[in-house]
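Data block below; observations after.
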Amino acid sequence: MTVERKKTITKDILNGALLDSFKKLNPWVMIKNPVMFVVEIGTVITLLLSIAPELFGSTNVGRGYNIAVFLILLFTLLFANFAEALAEGRGKAQADSLRKTKSDTKARLVQKDGTYKEVSSTSLRKGDIVRIEIGEIIPSDGEIIEGLASIDESAITGESAPVIKEAGGDFSSVTGGTRVASDYIVVKIMTDPGESFLDRMIALVEGAKRQKTPNEIALTTLLAVLTLIFLIVIMTMVPMAQYLNVKLEISTLIALLVCLIPTTIGGLLSAIGIAGMDRVTQFNVLAMSGKAVEAAGDIDTMILDKTGTITFGNRMASEFIPVSGTQAKEMTFVALQASVKDETPEGRSIVELANKLGESWQAANYIGSEVVEFSAETRMSGLDLEGGTKVRKGAVDAIRKYVEALGGKIPHDLETISNRIAKAGGTPLAVAMGDRIYGVIYLKDTVKPGLKERFAELRAMGIKTVMCTGDNPLTAATIALEAGVDEFIAEAKPEDKIAAIKKEQQEGKLVAMTGDGTNDAPALAQADVGLAMNSGTMAAKEAANMIDLDSDPTKLLSVISIGKQLLITRGALTTFSIANDIAKYFAIIPAMFILAMPQLQALNIMNLASPESAILSALIFNAIIIPLLIPIAMRGVKYRAMSADRLLSRNILIYGIGGVIVPFIGIKVIDMVLHGLNIV
Ligand SMILES: Nc1ncnc2c1ncn2[C@@H]1O[C@H](COP(=O)(O)OP(=O)(O)OP(=O)(O)O)[C@@H](O)[C@H]1O
Ligand SMILES: [K+]
Ligand SMILES: [Mg+2]
């Protein structure tokens, strides 16, 4: 079952948006948008005046005029609602198809006595153990505790190629709703009902929990203040007009107010934000908040984990190299002993290579032994044998310190061997039994293709890339060069990754971090933008504020562009909207006062047909500019890689000057049409 990714606006989305435009007229919904709420109050008043023109006293205008103002205002509201509904539409459609994926499945619960019991997937809780066979849907999120299988994740990622998942290491998490395509797995459930990844994804794409970002709140406040100022301006016009003996009609005052308050940006603001989030989703990235997307637009530094992020992360043992004085067979056997109980992919690949070289082990010989699991802190793993012998393997410097502490000697060629591996971009793991070092394991990994070009693009945007790895400095340097990052930090423990981020943040920089491992989780949480690879562990995905479903670290580049585009679009349309409103001033004010003060004729540069036509034309223009700008709000203003200052002045020029000129032309054209059709 694949989710159809909605690239375009379909007829269904359009129809849904049309219906929603009316539903959103609900004042309780509208009040969240102060500008449009004021328009709604005006709409209600003009509706009343359309029914009873004399409701608020004697009047010189006819019912027809009031109805015209009412209808234009109603459409202004509907257009703004439509923009928002349309922006929400694609996410809602996607949420619907994800919901189908979530349909109730049966799960095979493993009971305490080892027998199976069939239960509904919705009854599974944290800690339950389930077994999933080939062809079956994984009932909920969890970690594989036994087995290795290829998983079809297309239901969530849209990517049809299955991915390999296995117990231990950074590739052990599975997502509910995906399908086991080969073999079987035993999974420990990690989420309670309703809190799964799919549940969160549905809520996210649907925008159910969408919160205004701090930037949006600030802008909304500014727009509300502007609205209040214009409201006061309009109200002071009433006594002024009385003094001049001009009769100001209520519907005209409302029309003037609506023309002056920033309805264009007020109507498009939330659509711009939703569309920005949606664009991120179209890139197969799940952003937990709009704030994260906006922060991405301002990133200065990007920190990346090496294994699994810059490289594919399937570090495989390719060679056992004994130090001088040690037999190859001996080295292979010690490497095997150090790894028999190591459930990480690295550990298993060592066992495989040793088997291939003819070494095998008997489980019976290891009954009393104790496993020393790998940790990012110690950078070692191994086994304490029954007789007290300790077998270890790990990062070369860690093993060296370990052996030195035991009083052992360091083989003279250890460094040469490990340096050769490191210079080739591989990870050397030293192997020791007791206080003796036997040799080095060569772990190979591959750098993901195309990184260099994308990091160069980041550099052009002024963003620094730093690779942060637990590996040794030589390997790090080789991979850093191959991937084209600006800087690297080697032998980094989890706290060093956080420290690197904090240091940048203290310099006032916004930091993005991408990673996949449990050891990356704290750093992902500390960063302003934390992008977790979907291939990574549950802990990483929970700590991050974005998840890349394709596990491509350079995806952040696209997210950065979208973030910048979002900020630019909002700025450009705000500029346009306010410039527009100023221009409308010159169309309406003369119209209102010309009768009383002929000298104002000088202001009537537009030479409109009649005062009524001027007001209605301005109001119509004010309404239709909203749907005309929907494409820009949805698509975003094109982002070009140039400095922020140049971009800003360029946009102020285009959207500021454009914003002043366009209404003059638009209003004049509408006035001519209305006049030509003999409507006014
Ligand atoms: N199974 C293992 N047993 C022993 N040592 C290991 C094992 N796996 C990795 N190491 C060693 O520990 C180091 C740190 O590994 P880890 O996977 O924590 O790196 P990391 O901090 O995630 O950095 P990155 O993912 O960027 O390489 C590795 O460079 C390697 O030398
Ligand atoms: K306006
Ligand atoms: Mg890692």
Side-chain angles (χ1 to χ4, degrees), residues 35-36 38-39 76 80 168-170 223 226-227 230 255-267 303-311 313 315 317 335 338-339 341-351 372-383 392-399 418 421-422 426-431 440-441 443 445 467-473 475-476 479-480 488-497 514-521 523 533 536-537 540 553 576-585 588 618-619 621-623 625-626 659 663:
V35 181
M36 296 320 275
V38 168
V39 178
T76 310
D170 289 352
L223 297 181
L226 277 177
T227 304
F230 282 121
L256 177 63
L257 175 66
V258 170
C259 281
L260 294 184
I261 62 177
T263 47
T264 314
I265 186 63
I303 298 192
L304 306 104
D305 157 72
K306 176 176 75 75
T307 312
T309 303
I310 288 186
T311 67
R315 279 192 290 213
S339 311
K341 297 282 173 68
D342 183 356
E343 281 302 320
T344 66
E346 287 88 350
R348 244 167 312 171
S349 78
I350 294 168
V351 173
V372 179
E373 278 188 51
F374 169 72
S375 83
E377 278 304 316
T378 61
R379 291 185 290 134
M380 286 198 294
S381 63
L383 212 55
R392 293 287 184 276
K393 67 167 191 298
V396 177
D397 69 305
I399 291 289
S418 46
I421 295 171
T427 298
L429 287 190
V431 179
V440 186
I441 303 169
L443 291 179
D445 200 355
M467 182 182 87
C468 202
T469 176
D471 232 326
N472 69 81
T475 307
I479 300 287
F488 69 85
I489 302 169
E491 284 167 1
K493 293 189 178 149
E495 58 267 29
D496 298 325
K497 295 193 183 190
T514 64
D516 70 327
T518 302
N519 61 338
D520 298 322
M533 306 289 105
T537 62
F576 187 86
S577 175
I578 291 172
N580 246 267
D581 295 339
I582 294 168
K584 275 171 237 158
Y585 215 83
I588 302 191
L619 204 55
F621 175 85
N622 186 65
I625 196 72
I626 295 174

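Excluded from the calculations below are hydrogen atoms, water molecules and symmetry mates; all remaining heavy atoms, backbone and side chain alike, are included. Just follow the structure's listing: the first ligand is 1, and inside any ligand the first atom is 1.
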Next item on the list: Ignoring hydrogens and angles, state whether a donor on the side chain of Asn622 or Thr263 is under 3.5 Å from an acceptor on the partner side chain.
Entry: yes
Notebook entry, point to check: At a 4.0 Å threshold, what atoms of ligand 1 neighbour a non-hydrogen atom of Ser381?
Noted result: 2 (C), 3 (N), 4 (C)
Item checked: Pair Thr537-Thr518, side-chain donor/acceptor within less than 3.5 Å -> yes
Notebook entry, point to check: So which heavy atom on Pro345 is nearest to which on Gly168, and how close?
Noted result: CD-O, 4.0 Å
Check: So which bit of Leu443 gets within less than 4.0 Å of ligand 1, heavy atoms only: side chain, backbone, both or neither?
Finding: neither
Notebook entry, point to check: Where does Lys393 meet ligand 1, judged by heavy-atom distances below 4.0 Å: at the side chain, the backbone, both, or neither?
Noted result: both
Notebook entry, point to check: In Å, rounded to the nearest 0.5 Å, how long is the span from CD of Glu343 to CZ of Arg348?
Noted result: 5.0 Å
Next item on the list: Pick one of side chain, backbone, both or neither for how Asp520 approaches ligand 1, counting any non-hydrogen atom pair under 4.0 Å.
Entry: neither
Item checked: Contact (N/O only, under 3.5 Å) between Thr469 and ligand 1 -> yes
Check: Of the backbone atoms (N, CA, C, O) and the side-chain heavy atoms from C-beta on, which set of Asn519 has a member under 4.0 Å from an atom of ligand 1: side chain, backbone, both, or neither?
Finding: side chain
Check: Excluding sequence neighbours, so at least two apart, what forms side chain to side chain contact (heavy atoms under 4.5 Å, CB included) with Ala476?
Finding: Met467, Thr469, Phe488, Ala490
Next item on the list: Calculate the angle formed at the K ion (ligand 2) by OD1 in Asn622 and O in Ile261; 10° precision is enough.
Entry: 160°
Next item on the list: Give the contacting part of Met467 toward ligand 1: side chain, backbone, both or neither, where contact means a heavy-atom distance below 4.0 Å.
Entry: neither
Next item on the list: Kindly compute the distance separating CD (Glu373) from OG1 (Thr378), expressed to the nearest 0.5 Å.
Entry: 10.5 Å
Margin query: Can you tell me how far apart OG1 (Thr307) and CG (Asp516) are? Round to the nearest 0.5 Å.
Written below: 8.0 Å
Item checked: Nearest-0.5 Å distance, CG of residue Leu443 to CG of residue Asp471 -> 8.5 Å
Item checked: Reported OG1-to-CE distance for the pair Thr309 and Met533, which is rounded to 0.5 angstrom -> 5.5 Å
Check: Any Lys/Arg nitrogen of Lys306 or Asp445 sitting under 4.0 Å from an Asp/Glu carboxylate oxygen of the other?
Finding: no
Next item on the list: Report, in ascending order of atom number, the atoms of ligand 1 lying under 4.0 Å from any heavy atom of Arg315.
Entry: 9 (C), 15 (O), 16 (P), 17 (O), 27 (O), 28 (C), 29 (O)
Next item on the list: For ligand 1, find out whether one of its N or O atoms is nearer than 3.5 Å to an N or O atom of Thr427.
Entry: no
Notebook entry, point to check: For Gly347, is at least one N or O under 3.5 Å away from an N or O on ligand 1?
Noted result: no
Next item on the list: Would you mind checking if Lys584 and Asp581 are paired as a salt bridge, meaning a charged N to carboxylate O distance below 4.0 Å?
Entry: yes
Check: Does Lys497 have a non-hydrogen atom less than 4.0 Å from ligand 1?
Finding: yes
Next item on the list: Could you pull out, from Asp305, Ile310, Thr311, the option with a heavy atom nearest to atom 25 (O) of ligand 1?
Entry: Asp305
Next item on the list: Please could you name the atoms of ligand 1 that Ala395 approaches to less than 4.0 Å, counting only its heavy atoms?
Entry: 31 (O)
Note to self: For Cys468, which part has a heavy atom under 4.0 Å from ligand 1: side chain, backbone, both, or neither?
What the structure shows: backbone
Check: Taking only heavy atoms of Gly394, which atoms of ligand 1 are found under 4.0 Å from at least one of them?
Finding: 4 (C), 5 (N)
Notebook entry, point to check: Where the K ion (ligand 2) is the corner point, what angle links OG1 of Thr263 with OD1 of Asp581, to 10°?
Noted result: 130°
Next item on the list: May I ask you to check if any N/O/S atom from Gly266 comes under 3.4 Å of the K ion (ligand 2)?
Entry: no
Next item on the list: Would you mind telling me if ligand 1 is within reach of the side chain of Asp471, the backbone, both or neither, using heavy atoms under 4.0 Å?
Entry: both
Note to self: Suppose I only count heavy atoms of Leu429 and a 4.0 Å limit; which atoms of ligand 1 are within that range?
What the structure shows: 5 (N), 6 (C), 10 (N), 11 (C), 30 (C), 31 (O)
Item checked: Enumerated ligand 1 atoms positioned under 4.0 Å from heavy atoms of Asp342 -> 1 (N), 2 (C), 3 (N)
Next item on the list: Return yes if some donor-acceptor pair links the side-chain N/O of Ser349 with the main-chain N/O of Ala317 below 3.5 Å, else return no.
Entry: yes
Next item on the list: Spell out, as yes or no, whether a donor-acceptor pair under 3.5 Å connects the side chain of Lys497 to the backbone of Ala523.
Entry: no
Note to self: Between ligand 1 and Thr344, is the shortest N or O to N or O distance under 3.5 Å?
What the structure shows: yes
